[in-house]
Amino acid sequence: MSGVQITSDEWILWQSEAWPVVKINATLAFTWLVMAVLVVGSWWITRRLTSDTEIPRWQNLLEVLVTGIRDQIRDVSRHDPGPYLPFVGTLFLFIAVANLLSIVPGYVPPTGSLSTTAALATCVFVAVPVFGIASHGVGNYLKRYLQPTPLMLPFNLIGELSRTLALAVRLYGNMMSGAVIAAILISFVPLFIPIVMQVMGLLTGMIQAYIFAVLAMVYIASATKVAK
């Protein structure tokens, strides 16, 4: 890798000689790294949970984080956040950690790749009907596509697909634009601007993680409230 790396898609780490289409690029490797950080971090923080008055700092941080996510889900959905917490919380933590690790030299956030954001949006696309069917059953959930009249069926289906596409492009566009602006400014002012852009990048990354998780919860809430 040379120069300022905007996206890690073109950074090929391994490629099969017999099957050139089979390859591992940096986006995939960094995604595995983020997943490993989340798994190991979760194990390390939760291995000694206690209900005592004095709790470890990491447990305190975890409780604040989980409580905050639960409150946000409750505010958006007006439902018990329990069923949605694992999915929405995982989305938020994955995007947040993926963006926060950008302080590590040589690391390129996988959220700057359209393939990663499309995969995350696809997860939301699948989760919406799953939660909707679990809440109201198959028949009642599918009726929403015929509302207010059966003639709206194609438009409702297009709406489902377009908002998934918008979710992927939105996160990708925001992360990519930040990287492009940073690359341009660094080329002109290489000393002070990188520090400012790094701070701004971390702030933007956290905001984007929050927005993505909230939008996912809004879509799920709209599905679970149908036919009431």
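Atom-to-atom distance recorded for M217:CE and I69:CD1 is 12.5 Å, nearest 0.5 angstrom. Interatomic distance, I207 CD1 to N174 CG, rounded to the nearest 0.5 Å: 9.5 Å. Atoms CG and OG, on L157 and S162 in that order, are 10.5 Å from each other to the nearest 0.5 Å. Distance check: I24 CD1 to Q15 CD gives 11.0 Å after rounding to the nearest 0.5 Å.
Cluster membership check: Y107 shares its hydrophobic cluster with W11, using side-chain heavy-atom separations under 4.5 Å among Ile, Leu, Val, Met, Phe, Trp and Tyr. The hydrophobic clustering, which links ILVMFWY residues whose side-chain heavy atoms are closer than 4.5 Å, places V34 and I103 together. No chain of hydrophobic side-chain contacts below 4.5 Å, direct or via other Ile, Leu, Val, Met, Phe, Trp or Tyr residues, connects I12 to L114. Taking hydrophobic clusters as Ile, Leu, Val, Met, Phe, Trp and Tyr residues chained together by side-chain heavy-atom distances below 4.5 Å, W58 does not share a cluster with V64. Residues V40 and L62 fall into different hydrophobic clusters, defined by Ile, Leu, Val, Met, Phe, Trp and Tyr side chains chained together at heavy-atom separations under 4.5 Å.
Not one N or O on the side chain of T27 forms a donor-acceptor pair closer than 3.5 Å with the backbone of P110. Using modelled atom types, one side-chain atom of N156 and one backbone atom of Q147 make a donor-acceptor pair closer than 3.5 Å. Looking only at distances, no side-chain donor or acceptor of D52 sits under 3.5 Å from a matching main-chain atom of E54. Distance alone, capped at 3.5 Å, places no donor-acceptor pair between the N60 side chain and the P56 backbone. Side chain of S135 to main chain of G132: no donor-acceptor pair is present (N/O by atom type, distance under 3.5 Å, no hydrogens or angles). Side chain of Q208 to main chain of L171: no donor-acceptor pair is present (N/O by atom type, distance under 3.5 Å, no hydrogens or angles). Under the 3.5 Å distance criterion, the side-chain polar atoms of Q59 are matched with a main-chain donor or acceptor of T50.
Between S77 and T224, every side-chain heavy-atom pair lies at or beyond the 4.5 Å cut-off. Side chains of L101 and P109 form no contact here, defined as non-hydrogen atoms less than 4.5 Å apart. Residues V39 and W44 form no side-chain contact, since every pair of their non-hydrogen atoms from C-beta on lies 4.5 Å or further apart. L161 is listed as a side-chain neighbour of F125, based on a closest heavy-atom distance under 4.5 Å. Between T116 and F94, the closest side-chain pair of non-hydrogen atoms falls below 4.5 Å. Counting heavy atoms from C-beta outward, I55 and E63 have side chains that approach closer than 4.5 Å. Residues N25 and E10 have side chains not in contact (no heavy-atom distance under 4.5 Å, counting atoms from C-beta outward). Between T111 and Y172, the closest side-chain pair of non-hydrogen atoms is not below 4.5 Å.
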Check against side chain to side chain contact (heavy atoms under 4.5 Å, CB included), I211 and R170:
CA-CA 10 Å; I211 291 175; R170 189 180 194 286; 3.2 Å; yes
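The 12-atom threshold is exceeded at CH2 of W14, counting heavy atoms of other residues, nucleotides or ligands nearer than 6.0 Å. Counting heavy-atom neighbours within 6.0 Å of M35 CE, excluding the residue itself, gives a total of 12 or less. More than 12 heavy atoms of other residues, nucleotides or ligands lie within 6.0 Å of CZ in R47, so this atom counts as buried by the packing criterion.
Smallest separation of non-hydrogen atoms from M206 and A96: SD-CB, 3.8 Å.
In this structure L167 satisfies the side chain to side chain contact (heavy atoms under 4.5 Å, CB included) test together with A121, V124, F212, L215, Y219, sequence neighbours excluded.
Here L151 is tied to no hydrophobic group at all, with no ILVMFWY side chain closer than 4.5 Å. With side-chain heavy atoms closer than 4.5 Å counting as contact, directly or through intermediates, the hydrophobic cluster containing L165 also holds V169.
Ring centroid separation for the pair Y210 and F92 does not come in under the 6.0 Å cut-off.
A salt bridge between R144 and E160 is present, with a side-chain N of the basic residue lying under 4.0 Å from a carboxylate O of the acidic one.
Ring geometry, F87 versus F131: the interplanar angle falls from 30° to 60°, so the pair is classed tilted.
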